[in-house]
Amino acid sequence: MIETSARLLKLLTLLQSPRDWTGAELAGKLQVSPRTVRADIERLRGLGYPVDATRGSVGGYRLGAGGSLPPLLLDDDEAVAVVIGLRKAAELTGLEESSLQALTKLEQVLPSRLRRRVSSIATFTVQVPQDEPAPLVDPELLTQLTGLCRDREQLRFDYRSHRAEPSRRQVEPYRVVNWGRRWYLVGFDLDRQDWRTFRVDRISPRIPTGPRFTPRQLPGDGDLASYVSRRVSAAAWRYYAKVVIHAPADSMAAQLPPAAGTIEPIDEHTCLFSTGSDSVKGLAVHLGLLDADFEIQTGPAELHAHLRQLAERYGQASRAS
């Protein structure tokens, strides 16, 4: 019985690799007869592992997808990587409850040698604290939203704005974006006839979903990560400024992070930089990133005073040195 169990584990390990195995190949790896391989395949199926088989010269065995998740076999490095990934998910993604449940189950069955490795990583790794806890996101809701994106089905839902103002939306969903500690749905709002970004934790879907839709060209030239980061940053800005930069738009866009603002060309040699921040000091930081001469077109009066103060401070520092 022990020999059979060990052979089944080895067979399962082979089948988990992304390829097809012929009966002869498996028999050679396990040093048994093809008849024994067929019997072991049936034992695995009886245990809930969906082993697919194809006939012919190019046929073979492969571990398929089943109706339920059977036990998995992980080597040492894979097990450690999964534990680290679950810890990170519990800290950052808003899926704390599901991640912690899976993490607890996995840590209970870790061998002592792996438990020691995982413990050392957790003990001697420092996580930079976040400004605020991540909002909880329902994994089932994420699955539903991504499924609608895949199937191109319209979605009706109730939504709460950051001011807790309720509204009802009907959108064509395109992508779910994870930015920082939050999840966002990017969709085309059919009532407003424009692209919108929605916090997933503020969405309450309505059933049934709408009809299928024809895909549109994605905003932001298809770079939805940059698009969402700009929209999310702009929504939280308290101060705004528009700056004329004496440099081509392409060169400035390559210098600035997407969250800093947007660049629009004026002509071949100048561009308009629209930026913002929740503080005047933050605005000054964005302007300090510009490796070119610039003029403030519009901005708060406090920004001009702060820039003069910085200029005097930097001048004193350079003269002193």
Side-chain angles (χ1 to χ4, degrees), residues 69 81-104 127-192 194-210 213 215-237 257-262 276 278:
L69 183 65
V82 170
V83 170
I84 294 173
L86 288 172
R87 286 188 184 276
K88 185 63 66 176
E91 295 168 357
L92 296 179
T93 64
L95 303 173
E96 287 91 342
E97 184 176 352
S98 301
S99 301
L100 289 174
Q101 287 176 351
L103 180 62
T104 300
Q127 175 69 38
V128 176
Q130 302 294 321
D131 296 334
E132 56 181 312
L136 295 178
V137 176
D138 184 359
E140 186 175 346
L141 176 57
L142 282 177
T143 303
Q144 180 183 1
L145 294 179
T146 53
L148 293 173
C149 295
R150 177 198 61 211
D151 298 335
R152 299 172 181 170
E153 292 184 9
Q154 293 181 13
L155 171 67
R156 296 181 302 119
F157 60 91
D158 295 321
Y159 190 69
R160 293 178 294 103
S161 69
H162 66 283
R163 297 186 180 91
E165 298 170 346
S167 63
R168 186 168 298 175
R169 304 299 184 95
Q170 184 171 2
V171 306
E172 297 172 351
Y174 283 83
R175 296 290 189 277
V176 174
V177 179
N178 178 219
W179 189 68
R181 297 166 61 81
R182 295 185 175 91
W183 296 83
Y184 297 89
L185 172 68
V186 178
F188 188 84
D189 192 312
L190 295 173
D191 294 326
R192 293 156 180 81
D194 197 7
W195 292 93
R196 290 291 189 270
T197 301
F198 305 96
R199 279 260 301 267
V200 170
D201 59 293
R202 296 174 180 164
I203 292 176
S204 298
R206 285 182 165 266
I207 303 300
T209 56
F213 59 86
R216 305 171 189 264
Q217 184 175 354
L218 295 175
D221 296 326
D223 186 359
L224 291 185
S226 299
Y227 174 79
V228 169
S229 66
R230 287 195 299 267
R231 294 293 293 265
V232 172
S233 298
W237 287 344
T262 59
D278 58 355

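Position 1 is the first residue of the sequence, and the numbers go up from there.
For the atom pair Thr209 OG1 and Ile207 CD1, the distance stands at 6.5 Å (nearest 0.5 Å). For the atom pair CZ of Arg156 and CG of Leu190, the computed distance is 12.0 Å after rounding to the nearest 0.5 Å. Atom OG in Ser204 sits 9.5 Å away from atom CZ in Phe157 (nearest 0.5 Å). Separation of atoms CG (Leu155) and CG (Leu185) is listed at 7.0 Å; rounding is to 0.5 Å. A distance of 9.0 Å separates CG in Asp201 from CG in Leu141, rounded to the nearest 0.5 Å.
Partners of Thr262 under the side-chain hydrogen bond (donor to acceptor under 3.5 Å, both in side chains) rule, at least two apart in sequence or in another chain, do not exist in this structure. Take Tyr174 and apply the ring pair (Phe, Tyr, Trp, His ring centres under 6.0 Å) test, not counting sequence neighbours, and it matches Trp195, Phe213. Remark: Asp194 engages Arg196 in a side-chain hydrogen bond (donor to acceptor under 3.5 Å, both in side chains) (not counting sequence neighbours). By the side-chain contact (heavy atoms from CB on, under 4.5 Å) test, Glu165 is found to be paired with Ser161, Arg163, residues two or more places apart in sequence or in another chain being considered. The side-chain contact (heavy atoms from CB on, under 4.5 Å) check on Asp221 picks up nothing, with sequence neighbours excluded. Partners of Arg202 according to the salt bridge (Lys or Arg N to Asp or Glu O under 4.0 Å) rule, which considers only residues two or more places apart in sequence or in another chain, do not exist here. For Asp158, the salt bridge (Lys or Arg N to Asp or Glu O under 4.0 Å) partners two or more places apart in sequence, or in a different chain, are Arg168, Arg206. Listed by chain and number, the residues in a side-chain contact (heavy atoms from CB on, under 4.5 Å) with Arg150 amount to none (sequence neighbours excluded). Considering only residues two or more places apart in sequence or on other chains, Tyr184 meets the ring pair (Phe, Tyr, Trp, His ring centres under 6.0 Å) condition with none of them.
Using a 4.5 Å heavy-atom threshold, the side chains of Leu224 and Pro219 count as touching. Annotation: side chain of Val176 is in contact with side chain of Trp183 (closest heavy-atom distance under 4.5 Å).
Counting non-hydrogen atoms of neighbouring residues, nucleotides and ligands closer than 6.0 angstrom, the CZ atom of Arg192 exceeds 12 such neighbours.
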Val171 vs Phe188, side-chain contact (heavy atoms from CB on, under 4.5 Å): CA-CA, chis, key distance, verdict
CA-CA 5 Å; Val171 306; Phe188 188 84; 6.0 Å; no
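Here salt bridge (charged side-chain N to carboxylate O under 4.0 Å, His left out) pairs that include residues 169-179, with residues two or more places apart or in two chains, are Arg169-Asp189, Glu172-Arg216.
Closest non-hydrogen pair, Tyr159 versus Thr197, comes out as OH-O, 4.4 Å.
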